[in-house]
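Let me begin by presenting the structure, written as structure tokens, before commenting on it.
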Amino acid sequence: MQTLAQKGDVYNSLHFFDMLRIMPGKPSIYDYNAMLNCYLKSSNVCLNGMNLLQLEMRRVGLCPNVLTFSTLLKGLSIVGEARVGLGVVLEMCDYGFVPSFSCLASLFRRFLDKVELGDAISVLELMLGFGYVPTEPKAILLISSLCSRGMIQDACFVFFKLLGKGYFQRPYFYNPILWSLCKSDQIGGLLAFFCCLEKKGLVYNTCSYTALVYGLSKKGLFREAYGCLKIMEGDSGCYPNVKTYTTIIKGLCEYGRIKEALGLLGKMEKTGCDPDIVTYNIVIRALSNENMLNEIYELYESLHQKGLVPDRYTATAFSGLLKRGSLGIARTLLQDIFLSDIDLDVAVYNVYLCSLCHAREPQELSSLVRSMIKNGIEPNNITFNTILKGFCEEKTLDEALEFFEHVDWPGKRPDSVSFNTILSAACKMGDSRMVQKVVDLMDGEGVKLNVVGLTCLMQYFCNVGKFDDCLKVFEHMIIYGPLPSVVTVNTLMVYLCKNHEVETAYWVLRNLKRYGLLPDSRTYNILLRGAKSERKFLLVAELQRKLRMGVNQTASF
DNA sequence: CTAGGGTTAG
């Protein structure tokens with residue numbers, strides 16, 4: 001019987017097992033355990049075999065002992081059936097046996113490796129119930145995996161569970177939670193969590209404070225962010241570092257407060273916290289978007305003087321210059337990086353391709369794509385969407401469509417940006433035939449028009465004078481979705497102003513909040529222009545007042 | 001062992 005089991009022949013082994021029943025008291029649980037043990041030595045052990053054995057054990061009415069369970073768990077671990085293993089552990093507990101630390105720890109590890117986090121939490125709870133403590137790296141891994149998958153609630157649950165047992169009070173455990181709360185825009189949750197840590201007397205480190213600075217900057221709450229910086233610079237023992245300053249500089253750039261960002265950059269240099277290439281790249285990107293050439297030159301110079309070397313992110317930081325028409329400068333700077341020996345990647349090539357498109361050199365596009373492939377860099381959908389855009393601007397839309405339909409899309413299929421690129425071109429040109437073609441194409445591919453595509457259509461209807469249809473699209477979006485974006489709203493505003501309906505536009509503006517929409521400064525400026533040209537001075541004054549107050553007064557937390 | 005950066009469409 002054991003020989004057969006060892007060979008993996010469960011079926012025939014069980015046959016002999018059954019034959020033992022002619023002897024009193026046989027087969028016993030010891031025979032069963034021995035057979036199971038032999039089976040695990042077989043080279044073709046599998047879940048099915050173990051299932052068969054278990055069924056047989058139940059059929060002949062054997063009551064498992066602790067060895068039965070541990071052998072079974074060993075087998076399940078061999079075949080990698082962690083979830084079945086968890087079931088066996090639970091059954092084992094029902095029988096009153098205590099699973100060993102190593103058995104639970106190994107299950108825990110397995111679930112972490114397979115990113116089956118719910119099961120990992122179940123195992124952790126079992127472990128804590130038996131007084132077992134997971135290793136520190138694995139506990140951190142669980143919390144950070146939960147966070148990176150957006151399961152912040154579960155991460156908190158795990159953290160407080162461990163904290164309640166008196167384990168793991170160091171920042172490495174809760175910093176991932178702080179950061180993911182910030183990244184998912186839960187500033188209220190962040191502050192609540194901070195208060196909670198404070199009450200429990202836990203000690204932060206610089207990374208924890210930086211999370212707070214990040215969350216506040218992201219919301220535009222710079223006064224509060226500076227306050228946090230002050231506390232850090234005081235006697236917190238967590239002096240701000242390059243990452244802290246860079247975080248706030250990034251926030252300032254995103255809110256268009258570039259002067260302030262430059263000021264902070266200067267402060268870093270003065271206080272001996274030297275900015276690194278990441279800091280510079282962020283500022284260069286913001287300057288590029290504003291086409292602030294002199295400042296870019298200055299920064300570019302000073303980073304070289306500091307011995308810093310531009311990298312792939314520096315190259316992509318120049319992309320704003322392309323949009324703002326500083327083509328020659330952008331190409332010089334890009335070429336400078338292209339000819340250096342830094343590692344390039346697909347994003348850098350894509351920006352370079354974009355510069356070729358703007359330079360109206362479509363014949364060079366394919367040779368650049370060939371050279372990127374030769375250098376081992378795979379083009380992605382962005383690569384081809386960039387080329388498609390170039391075609392739309394340079395050639396006829398039929399030729400662009402030809403490219404669209406015959407190119408071997410890297411993502412196996414064009415994405416919504418691909419469709420919108422060509423749809424947008426057709427809409428701008430008022431090319432009804434092409435608009436219809438693209439809409440049909442999307443229909444055939446089962447791709448729904450998204451907010452960008454629908455905004456294009458609104459523009460199209462305005463272009464061809466079908467104003468009612470433009471409004472209908474907007475209404476449709478309000479009622480059925482997708483929710484219009486601020487660009488959609490601005491498109492509508494432009495249309496209303498063009499149509500001498502500034503008062504209506506203002507009415508829409510005041511009602512935006514009811515639909516969950518927010519205007520931006522461009523919305524106000526569009527209206528302001530419209531009101532001025534219609535000589536509606538009361539409205540002009542009103543709009544100017546609102547602009548001065550700040551368009552959307554930052555909600556306080 | 002936790003933290004800061006980029007490219008396509010409206």
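Labels below follow one simple rule: chain letters A, B, ... track the order of the sequence lines, proteins then strands, and each chain is numbered from 1. Heavy-atom basis, side chains included; hydrogens, waters and symmetry copies ignored.
- At a cut-off of 3.5 angstrom, counting only N and O atoms as typed in the model, there is a donor on one side and an acceptor on the other between the side-chain of A/Ser485 and the base of B/dG10.
- No hydrogens or angles were tested; on distance alone, nothing pairs the side chain of A/Thr314 with the base of B/dG6 as donor and acceptor under 3.5 Å.
- On a pure distance criterion of 3.5 Å, a polar donor-acceptor pair joins the side chain of A/Asn241 and the base of B/dA3.
- At a threshold of 4.0 angstrom between heavy atoms, the contacts of A/Asp415 with the nucleic acid are absent.
- Taking the six-membered ring where the residue is Trp, the centroids of A/Phe404 and A/Trp409 are separated by under 6.0 Å.
- The interatomic distance linking A/Ile422 (CD1) with B/dG10 (P) rounds to 13 Å, in whole Å.
- In the set B/dA9, B/dT2, B/dG10, B/dT2 carries the atom at the smallest distance from any side-chain atom of A/Asn175.
- Of the side-chain N and O atoms in A/Lys243, none sit less than 4.0 angstrom from OP1 or OP2 of B/dT2.
- When rounded to the nearest whole Å, the span between CE of A/Met232 and P of B/dA3 equals 15 Å.
- One can place OH of A/Tyr214 at 7 Å from P of B/dG4, the figure rounded to the nearest angstrom.
- One donor-acceptor pair, N or O on each side, does fall under 3.5 Å between the base of B/dG4 and the side chain of A/Thr246.
- Across all strands, A/Lys183 comes closer than 4.0 Å only to sugar-phosphate atoms, never to a base (heavy-atom distances).
- Note: A/Phe467 and A/Phe461 fail the aromatic proximity criterion, with ring centroids not under 6.0 Å apart.
- For the residue pair A/Glu136/A/Tyr172, the side-chain donor-acceptor check at 3.5 Å is not satisfied.
- With rounding to whole Å, A/Tyr280 atom OH is found 18 Å from B/dG6 atom P.
- One interatomic measurement links the two molecules: CG of A/Leu141 to C1' of B/dT2, which rounds to 12 Å at whole-angstrom precision.
- Comparing B/dT7, B/dG10, B/dT2 by their nearest atom to the side chain of A/Ser319 picks out B/dT7.
- Between A/Asn380 atom CG and B/dT7 atom P the separation is 13 Å, expressed in whole Å.
- Ring-to-base geometry places A/Tyr172 in a stacked arrangement with B/dC1 (centre distance under 5.5 Å, plane angle under 30°).
- Around the NZ atom of A/Lys114, the shell of radius 6.0 Å holds more than 12 heavy atoms that belong to other residues, nucleotides or ligands.
- Ring orientation note: the planes of A/Phe338 and A/Tyr349 are nearly perpendicular, at an angle over 60° on the 30°/60° scale.
- In this structure, A/Ile282 reaches the sugar-phosphate backbone alone: every heavy-atom distance under 4.0 Å involves primed, P, OP1 or OP2 atoms, never a base.
- At the phosphate of B/dG6, OP1 or OP2 sits under 4.0 Å from a side-chain N or O atom of A/Arg285.
- Residue A/Ile377 contributes atom CD1, which lies 17 Å from atom P of B/dT7 at whole-angstrom precision.
- Counting non-hydrogen atoms of neighbouring residues, nucleotides and ligands closer than 6.0 angstrom, the CD atom of A/Glu301 reaches no more than 12 such neighbours.
- Judged by distance alone with a 3.5 Å cut-off, a donor-acceptor contact links the side chain of A/Asp345 to the base of B/dG6.
- Under the 3.5 Å distance criterion, with hydrogens and angles disregarded, a donor-acceptor pair is assigned to the side chains of A/Gln335 and A/Tyr352.
- Nearest to the side-chain atoms of A/Thr247 among the listed nucleotides B/dT2, B/dG4, B/dG10 stands B/dG4.
- For B/dA9, the OP1/OP2 oxygens have a side-chain nitrogen or oxygen of A/Lys389 closer than 4.0 Å.
- Consecutive Watson-Crick or G-U pairs involving DNA chain B, each under 3.5 Å on both distances, never reach a stem of three or more pairs.
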Output, in order, the C-alpha distance, side-chain angles, deciding distance and verdict of side-chain contact (heavy atoms from CB on, under 4.5 Å) for A/Ile478 and A/Leu517.
-> CA-CA 10 Å; A/Ile478 294 277; A/Leu517 308 176; 4.0 Å; yes
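- Within 3.5 Å, a donor on the side chain of A/Asp276 pairs with an acceptor on the base of B/dG4, or the reverse.
- Comparing B/dT2, B/dT7, B/dA9 by their closest approach to the side chain of A/Asn205 singles out B/dT2.
- The base of B/dG10 sits within donor-acceptor range of the side chain of A/Thr488, with an N or O pair under 3.5 Å.
- Nucleic acid contact for A/Lys428: sugar-phosphate only, since backbone atoms but no base atoms lie under 4.0 Å from a heavy atom of the residue.
- Aromatic ring centroids of A/Phe159 and A/Phe168 lie 6.0 Å or more apart.
- Rounded to a whole Å, the CD1 atom of A/Ile249 is 15 Å from the P atom of B/dG4.
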